[in-house]
Amino acid sequence: MKKWILAVVALASLNVLAQAPEFKQLTKKQLEDVSNEFAMNFSHTAVAAPETDGVWGVEIGLVGGQTKSPTLKEVVNEAGEDGSEFDNLYHAALMARAHFPLDLFAELTVLPERELAGVSIDSSSIALGWNAGDFFDLPLDLAVGINLSTSEMSFEQTLNNASTGNTDVNSKVNMKSKTRVLWVGASKTFAIFTPYVKLGTATSETDVDLDASSGTIFTYSSSQKDNVSSSGSFIALGANVDLLLIKLGVEATQTADVKRISGKLSFAF
């Protein structure tokens, strides 16, 4: 049990960033893309096949992984910092999954608020689904579901650009995101191995707020606030391995053009 607790602390302490980024001047497109990368990094995943094995079942564990963030890298480079530090975003959370009579299932993930490398983050998500394949006794699990997630990230920076008269201004950037994914999925268990696929559509919405006495991070507006959104397709390919009470999982996703890979360690009852 002690090792399990240490694993929880270690995984939940993964840095979303190696250090705080710098947002000096963002075009509308850059803001949309960076916001989408952050939002999809924290979008829901339990790295779970869309299955319901038996009438009841509970699973608890950890999920974590990394997300490609090419636009964030570009923005940091343009601000005069080392963009190579921002090649990837990282995510981690505690997860729980349960299935119920009528082949309904629910998933929950949460990362309590933490401050790491000058970046404050917290996230939570939920998924609800129905396994029609098991309900109608089909030869494979065939499910429909919805994923919902919220996340918040903030960091302090020194703003110095034309909008501040090229003088240093202390500022704080805050980004609040929501995502929604509607999907259909299929899986099939072969002994202890269960591959799966999910396909659907995804949307994200992010509020970006700059707290500063003067200046802005936007090239297209003098405002210190903006709201941006994105949408696109969703695809997930993954597999679970069931080792008695222990489950291992891996999943690769592409959500609204954002690529992410995640892993899971859990206990199933």
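Computation of the quantities below employed the complete heavy-atom set of this structure, encompassing side-chain atoms and omitting hydrogens, waters and symmetry-equivalent molecules. FYI, the numbering just counts along the sequence from 1.
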Decide yes or no on side chain to side chain contact (heavy atoms under 4.5 Å, CB included) for Gln30 and Glu78, but give the supporting numbers first. CA-CA 11 Å; Gln30 287 175 326; Glu78 290 181 359; 3.1 Å; yes

| Short side-chain to backbone donor-acceptor contact, Ser231 and Ala202, under 3.5 Å | no

Donor-acceptor pair, distance only, cut-off 3.5 Å: does the side chain of Asp209 make one with the backbone of Val173? no

Which heavy-atom pair separates [X] from [Y] by the least distance, and what is that distance?
{"X": "Thr194", "Y": "Ala49", "result": "CG2-CB, 3.8 Å"}
{"X": "Ile261", "Y": "His91", "result": "O-NE2, 3.9 Å"}
{"X": "Gly215", "Y": "Ser163", "result": "CA-OG, 3.3 Å"}
{"X": "Asn36", "Y": "Val258", "result": "ND2-CG2, 3.4 Å"}
{"X": "Ser123", "Y": "Ser151", "result": "CB-CB, 3.9 Å"}
{"X": "Leu111", "Y": "Ile121", "result": "CD2-CD1, 3.8 Å"}

Working to the nearest 0.5 angstrom, can you tell me the gap between [X] [atom1] and [Y] [atom2]?
{"X": "Leu159", "Y": "Leu210", "atom1": "CG", "atom2": "CG", "value": "6.0 Å"}
{"X": "Arg260", "Y": "Tyr90", "atom1": "CZ", "atom2": "OH", "value": "14.5 Å"}
{"X": "Leu138", "Y": "Lys188", "atom1": "CG", "atom2": "NZ", "value": "10.0 Å"}
{"X": "Lys176", "Y": "Ser154", "atom1": "NZ", "atom2": "OG", "value": "9.5 Å"}
{"X": "Ser213", "Y": "Asn170", "atom1": "OG", "atom2": "CG", "value": "8.0 Å"}
{"X": "Gln254", "Y": "Lys259", "atom1": "CD", "atom2": "NZ", "value": "5.5 Å"}

Non-neighbouring partners of [X] that pass salt bridge (charged side-chain N to carboxylate O under 4.0 Å, His left out), sequence neighbours left out:
{"X": "Lys68", "value": "none"}
{"X": "Lys29", "value": "Asp33"}
{"X": "Asp53", "value": "none"}

Could you state whether [X] and [Y] fall into the same hydrophobic cluster, counting links through intermediate Ile, Leu, Val, Met, Phe, Trp or Tyr residues with side-chain heavy atoms under 4.5 angstrom apart?
{"X": "Phe100", "Y": "Val55", "value": "yes"}
{"X": "Phe267", "Y": "Val241", "value": "yes"}
{"X": "Phe136", "Y": "Phe105", "value": "no"}
{"X": "Leu128", "Y": "Leu148", "value": "yes"}
{"X": "Leu72", "Y": "Val119", "value": "yes"}

For residues 128-140, the salt bridge (charged side-chain N to carboxylate O under 4.0 Å, His left out) pairs (sequence neighbours left out) are none

So the salt bridge (charged side-chain N to carboxylate O under 4.0 Å, His left out) pairs with at least one residue in residues 119-130 (sequence neighbours excluded) are none

When you check the side-chain N and O atoms of [X] and [Y], is any donor under 3.5 Å from an acceptor?
{"X": "Ser171", "Y": "Glu156", "answer": "no"}
{"X": "Ser214", "Y": "Thr164", "answer": "no"}
{"X": "Trp130", "Y": "Asp103", "answer": "no"}

Heavy-atom check, side chain of [X] versus side chain of [Y], under 4.5 Å:
{"X": "Ile146", "Y": "Arg180", "result": "yes"}
{"X": "Ser149", "Y": "Lys178", "result": "no"}
{"X": "Thr201", "Y": "Val181", "result": "no"}
{"X": "Ser262", "Y": "Thr253", "result": "no"}
{"X": "Ser120", "Y": "Phe155", "result": "no"}
{"X": "Glu37", "Y": "Leu89", "result": "yes"}
{"X": "Val75", "Y": "Phe23", "result": "yes"}
{"X": "Thr179", "Y": "Asn147", "result": "no"}

Side-chain donor-acceptor pairs under 3.5 Å in residues 242-250, sequence neighbours left out?
residue: Lys247; atom: NZ; partner: Glu51; partner atom: OE2; Å: 3.2

So the ring-ring contact (aromatic ring centres under 6.0 Å, His included) pairs with at least one residue in residues 196-222 (sequence neighbours excluded) are Phe218-Tyr220

Let me check something: any side-chain donor-acceptor pairs from residues 59-67 under 3.5 Å, sequence neighbours excluded? List them with distances.
residue: Glu59; atom: OE2; partner: Lys264; partner atom: NZ; Å: 2.7
residue: Glu59; atom: OE2; partner: Ser266; partner atom: OG; Å: 2.7
residue: Thr67; atom: OG1; partner: Asn41; partner atom: OD1; Å: 2.6

Between Glu32 and the options Asp226, Val228, Thr206, Thr71, the side-chain contact (heavy atoms from CB on, under 4.5 Å) test singles out Val228

Sequence neighbours excluded, the answer for side-chain contact (heavy atoms from CB on, under 4.5 Å) partners of Thr219 is Gln25, Thr27

Thr109 meets the side-chain contact (heavy atoms from CB on, under 4.5 Å) criterion, sequence neighbours left out, with His44, Ala93, Met95, Ser125

**OP:** Apply side chain to side chain contact (heavy atoms under 4.5 Å, CB included) to the pair Thr158 and Val169, showing each step before the final yes or no.
**Re:** CA-CA 6 Å; Thr158 300; Val169 174; over 6 Å; no

Test Asp168 against Asn160 for side chain to side chain donor-acceptor pair (under 3.5 Å), laying out the working first.
CA-CA 5 Å; Asp168 290 348; Asn160 185 324; 2.8 Å; yes

Show, in sequence, the C-alpha distance, side-chain angles and deciding distance for Phe38 and Met153, and conclude whether the side chain to side chain contact (heavy atoms under 4.5 Å, CB included) test is met. CA-CA 9 Å; Phe38 277 112; Met153 185 197 73; 3.1 Å; yes

Could you please spell out the steps behind the side chain to side chain contact (heavy atoms under 4.5 Å, CB included) verdict for Ser204 and Met40? CA-CA 8 Å; Ser204 73; Met40 295 312 176; 3.7 Å; yes

The remaining residues in the hydrophobic cluster of Leu140, counting side-chain heavy-atom contacts under 4.5 Å among Ile, Leu, Val, Met, Phe, Trp and Tyr, are none

Would one find more than 12 heavy atoms of other residues, nucleotides or ligands at under 6.0 Å from atom NZ of Lys28?
yes

Asn227 meets the side-chain hydrogen bond (donor to acceptor under 3.5 Å, both in side chains) criterion, sequence neighbours left out, with Glu205, Asp207

